[in-house]
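The block underneath contains the structure these notes are about, expressed in structure tokens.
Excluded from the calculations below are hydrogen atoms, water molecules and symmetry mates; all remaining heavy atoms, backbone and side chain alike, are included. It should be emphasised that the depicted structure is a prediction, and the values quoted were computed from it without experimental measurement.
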Amino acid sequence: MGASHSSSSSPPLLVDEEQQSTASSATHRGSKKLALIPLIFLIYFEVAGGPYGEEAAVGSAGPLFAILGFLILPFIWSIPEALVTAELATAYPGNGGFVIWAHKAFGPFWGSLMGSWKFLSGVINLASYPVLCIDYLKLVFPIFSAGVPRSLAIFFATIFLSFLNYTGVAIVGYTAVCLGLVSLSPFVVLSFASIPKIHLKRWISLGQQGVKKDWKLFFNTLFWNLNFWDNASTLAGEVDQPQKTFPRALLLAGILTCLSYIVPLLAATGATNLDQAKWVNGYFADIAVNIAGKWLNYWIEIGSVLSGIGLYEAQLSSCAYQILGMANIGVLPKFFGLRSKWFNTPWVGILLSTLIVLAVSFMNFTDIIASVNFLYSLGMLLEFASFLWLRRKMQKTRRPYKVPLPLPGLIIMCLVPSGFLIYIMVVADKIVYLVSALLTVLGIVWYFLMKLFRSKKWFEFENSVEKDEDLH
């Protein structure tokens with residue numbers, strides 16, 4: 001992307017929309033872009049990937065609260081996040097997504113810090129999916145349970161999944177469609193098979209007597225099963241007609257996500273007697289045995305592996321194109337934005353993400369995962385602030401999709417999920433605060449290091465950051 005130019009109505013915090021469009025078309029000449037259906041399933045895998053993992057909501061608070069949580073939280077959390085993403089991704093449709101929004105609203109420092117928070121949270125969470133796949137494969141092949149065979153299996157699974165991502169975002173998109181349909185299919189069967197066994201009174205159970213409710217686990221489970229709607233925004237430059245396609249994809253992905261959570265949850269809680277201690281990750285496979293037989297148990301376990309693959313592909317795409325977008329706006333050196341000559345994919349972003357994934361995969365990273373989730377919450381607060389600031393200060397910017405609320409209504413819309421974010425952060429452990437602070441300091445040091453490299457001309461950068469620093 002080239003230098004921005006000034007105008008009386010829109011200061012050149014980044015390249016303007018016309019330049020973004022020109023750069024995008026030049027970059028992607030001859031390459032395939034994402035159509036509506038693949039984008040729906042990529043967003044779906046960014047957010048959900050199926051009902052796998054929602055079991056803990058029942059175990060921590062009982063059926064009624066779990067059902068209400070997955071019915072209500074989408075309206076106070078998922079929908080506001082998706083609406084913000086729809087407006088900003090269509091107004092500023094370049095690769096980089098939320099980094100561009102914070103950069104444009106508050107300048108390069110905050111854009112860089114947003115990039116650090118979101119990239120670290122995304123890429124370290126990414127490391128759990130190859131491990132998850134091997135954990136299920138070891139049920140069939142016990143050799144993968146421990147030691148060198150397990151380490152080699154995780155290594156080669158990560159390399160294979162990353163290479164698939166390297167072959168192109170369009171291929172990844174259609175792979176996500178196939179993975180989504182196959183991984184959801186056993187839950188369709190489970191839901192229909194449950195109908196004769198459903199007792200409605202089981203849905204209104206507050207939980208077993210004597211079982212203490214774990215609200216921290218409950219809200220964390222809801223939060224992370226309904227989060228990451230903005231991750232696909234880093235792919236906006238790869239989408240065919242993003243101004244039209246993105247809002248439609250977000251709407252349809254939202255419907256698919258909500259149905260994929262609530263329908264199996266209603267079926268499973270209504271058709272089985274409650275034993276909260278058993279409602280942990282993977283319990284849907286055990287329920288399948290009681291409702292339909294061992295064959296459905298195997299199908300759900302296979303579906304969970306495929307879901308893990310879909311989650312990995314979608315989130316690796318988001319991380320890699322975020323790196324590309326940060327290079328395009330001058331936050332990172334230009335070589336971070338290099339694309340493959342064969343597939344036109346951001347191979348440096350894919351390689352960097354994969355190396356971090358491999359490093360983290362062999363660590364006990366429970367506290368680190370909690371910490372990067374904390375960082376993601378900080379990023380979301382900055383994202384909401386960027387949204388409100390851009391709506392107020394850059395009213396003349398063309399917005400193909402615009403949230404149909406005045407500024408006071410938008411503030412209320414953002415305050416409700418922000419309160420939820422703050423709650424998630426307040427209940428974090430001390431180690432989470434410590435690790436999050438260290439990673440934030442690392443992000444700040446990285447920004448000033450890049451600034452030094454730019455001033456010394458040790459690396460080549462796009463020049464949009466230099467112009468932005470003059471304005472902020």
Side-chain angles (χ1 to χ4, degrees), residues 48-78 128 132 135-136 139 186-187 190-191 193-227 257-292 294 296-297 300-301 304 307 364 366-367 369-370 373-374 377 419-432:
Y52 311 97
E54 71 172 333
E55 298 98 327
V58 178
S60 58
L64 179 60
F65 285 111
I67 292 168
L68 289 176
F70 280 102
L71 283 174
I72 296 172
L73 195 63
F75 290 95
I76 64 174
W77 168 250
S78 299
S128 64
L132 175 66
D135 282 342
Y136 276 97
L139 300 175
F187 289 98
L190 176 70
S191 299
S194 299
I195 292 174
K197 302 181 180 182
I198 288 177
H199 295 283
L200 301 183
K201 64 180 182 180
R202 290 171 174 160
W203 291 342
I204 59 174
S205 170
L206 296 175
Q208 292 175 286
Q209 289 187 346
V211 177
K212 186 177 179 181
K213 289 180 171 50
D214 187 345
W215 294 114
K216 181 180 177 181
L217 175 60
F218 174 73
F219 283 111
N220 271 311
T221 301
L222 292 179
F223 181 60
W224 295 115
N225 276 285
L226 292 166
N227 204 7
T257 297
C258 291
L259 289 177
S260 72
Y261 280 132
I262 197 64
V263 173
L265 182 61
L266 288 171
T269 55
T272 58
N273 292 318
L274 179 62
D275 186 347
Q276 279 184 255
K278 294 181 178 179
W279 278 88
V280 294
N281 290 344
Y283 187 53
F284 272 121
D286 296 332
I287 292 174
V289 176
N290 298 327
I291 291 177
K294 194 69 176 177
L296 188 57
N297 171 281
I300 287 180
E301 288 183 348
S304 68
S307 175
N364 182 357
T366 302
D367 287 331
I369 288 291
N373 290 343
F374 186 98
S377 298
F420 188 65
L421 287 168
I422 292 170
Y423 170 79
I424 294 294
M425 294 163 65
V426 167
V427 299
D429 299 326
K430 290 182 180 179
I431 186 66
V432 172

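Not a single donor-acceptor pair under 3.5 Å links the side chain of Trp203 to the backbone N or O of Thr269. Not one N or O on the side chain of Lys278 forms a donor-acceptor pair closer than 3.5 Å with the backbone of Tyr283. Side-chain atoms of Gln208 come within 3.5 Å of backbone atoms of Gln276 as a donor-acceptor pair (strictly under, hydrogens ignored). Lys213 contributes no side-chain N or O that, together with a main-chain N or O of Phe218, makes up a donor-acceptor pair within less than 3.5 Å. A distance-only check finds a donor-acceptor pair linking the side chain of Tyr261 to the backbone of Asn225 [under 3.5 Å]. Using a distance-only test at 3.5 Å, with no hydrogens or angles considered, a donor-acceptor pair links the side chain of Ser307 to the main chain of Gly49.
Closest approach of Ala193 to Pro196, counting heavy atoms only: O-CD, 3.4 Å. Contact record, Phe223 with Phe420: CD1-CE2, 3.3 Å, taken as the closest heavy-atom pair. For Phe284 against Pro264, the heavy-atom pair with the smallest separation is CE2-O, 3.8 Å. Heavy-atom minimum distance, Ile424 versus Ser377: CG2-OG, 4.3 Å. Scanning both residues, Ala288 and Ile300, for their nearest heavy atoms gives CB-CD1, 3.7 Å. Nearest heavy-atom pair, Ala57 versus Thr221, reported as atom, atom and distance to 0.1 Å: N-CG2, 3.8 Å.
At a threshold of 4.5 Å between non-hydrogen side-chain atoms, the residues Leu265 and Phe187 do not count as touching.
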Mind running side-chain contact (heavy atoms from CB on, under 4.5 Å) on Leu266 and Ile198 for me, showing each step along the way?
CA-CA 9 Å; Leu266 288 171; Ile198 288 177; over 6 Å; no
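Going from atom OG1 of Thr257 over to atom CZ of Phe70 covers 11.0 Å, rounded to the nearest 0.5 Å. The CZ atom of Arg202 sits 15.5 Å away from atom CG of Leu64, with the distance rounded to the nearest 0.5 Å. In this structure, the separation between CD1 on Ile76 and CG on Leu226 is 10.0 Å, given to the nearest 0.5 Å. Distance check, rounded to the nearest 0.5 Å: OG of Ser60 to CG of Leu222 gives 7.5 Å. Note that NE2 of His199 and OG of Ser205 are 14.0 Å apart. Values are rounded to the nearest 0.5 Å.
When the options Thr272, Val280, Asn297, Ile291 are evaluated for a side-chain contact (heavy atoms from CB on, under 4.5 Å) with Asp286, the one that passes is Asn297.
Taking the six-membered ring for Trp and the full ring otherwise, the centers of Trp215 and Phe65 sit less than 6.0 Å from each other.
By the 6.0 Å contact criterion, CZ on Phe75 is open, its count of non-hydrogen atoms from other residues, nucleotides or ligands being 12 or less.
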